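Model, not experiment: these values are computed from the prediction.
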Amino acid sequence: MTPDSASSGPAPRRVDHAGLVIALALAAVAAVLVWHASQLQSNTTYGMGPQAMPIVIAIGLGILAIGNLIDALRGNLPPRESADPKAVLLILAGLALLIAEADLGNPAQVRAAVGAAGGFVRADEIFAILCSVPTVPFRRDVVS
């Protein structure tokens, strides 16, 4: 008897395209960090200035990008879970408020746009509140 070609072994793994995109994004962020670190001006006489930490983080991101690329090409990445759109939108809204509150232009304009006191602490509070909103309905039978 000849073995059936369908049962001759495990199916070949497919290239994970989302993993390739993630690896590319990690590499791009690492490249931007290195570029920005090279633009920093330093007057230190000890040889290590403000460029050191962004470059260390960029090296870590580069290592993660290489590892993710290898796993994506081999098809070794775990299957992704489905995302709850409401939770994702709440987190993105919180991050947008965090950036707007802590980093944008004139604090008076930010206060007028966001309606808060301004500053990182207030933005962090808003982000924490938005991330703690339940995204699934509360069920009494699960709790009791």
Side-chain angles (χ1 to χ4, degrees), residues 5-144:
S5 63
S7 63
S8 64
R13 295 182 182 221
R14 304 179 85 183
V15 173
D16 189 347
H17 296 291
L20 292 175
V21 171
I22 292 169
L24 180 65
L26 286 170
V29 170
V32 168
L33 277 174
V34 169
W35 179 73
H36 275 281
S38 70
Q39 302 297 315
L40 291 174
Q41 299 297 320
S42 175
N43 294 338
T44 60
T45 57
Y46 301 109
M48 183 184 299
Q51 303 94 345
M53 240 11 246
I55 291 175
V56 168
I57 292 171
I59 290 170
L61 286 173
I63 292 170
L64 287 174
I66 291 169
N68 206 35
L69 177 68
I70 291 170
D71 277 347
L73 291 175
R74 290 182 180 171
N76 288 341
L77 293 175
R80 282 167 289 286
E81 300 175 4
S82 63
D84 181 14
K86 183 178 178 185
V88 171
L89 289 175
L90 284 172
I91 290 172
L92 290 176
L95 285 172
L97 282 174
L98 180 67
I99 292 168
E101 186 81 24
D103 201 31
L104 287 180
N106 186 354
Q109 292 172 347
V110 174
R111 278 195 297 271
V114 179
F120 180 77
V121 174
R122 173 64 78 186
D124 196 35
E125 291 169 0
I126 293 170
F127 180 67
I129 289 169
L130 281 175
C131 288
S132 65
V133 173
T135 58
V136 293
F138 180 73
R139 291 180 37 193
R140 284 190 173 277
D141 57 334
V142 174
V143 176
S144 56

According to side-chain hydrogen bond (donor to acceptor under 3.5 Å, both in side chains), does anything in residues 58-80 pair up with another residue at least two apart or in another chain? List the pairs. Arg13-Asn76, Asp16-Arg80
Passing candidate, side chain to side chain contact (heavy atoms under 4.5 Å, CB included) with Leu26, options Leu61, Ile63, Val21: Leu61
dist Leu69:CG -> Leu24:CG (nearest 0.5 Å) comes out at 9.5 Å
Within the 4.5 Å heavy-atom criterion, are Val32 and His36 side-chain neighbours or not? yes
Show the nearest heavy-atom pair for residues Ala37 and Ile55, with the distance to one decimal. CB-CG1, 3.9 Å
What is the minimum heavy-atom distance between Gly62 and Ala30, and which atoms define it? N-CB, 4.1 Å
Roughly how far, to the nearest 0.5 Å, is the CG atom of Leu64 from the CD1 atom of Ile22? 11.5 Å
Ignoring hydrogens, what is the shortest heavy-atom contact between Ala72 and Gly19? Give both atom names and the distance. CB-C, 3.6 Å
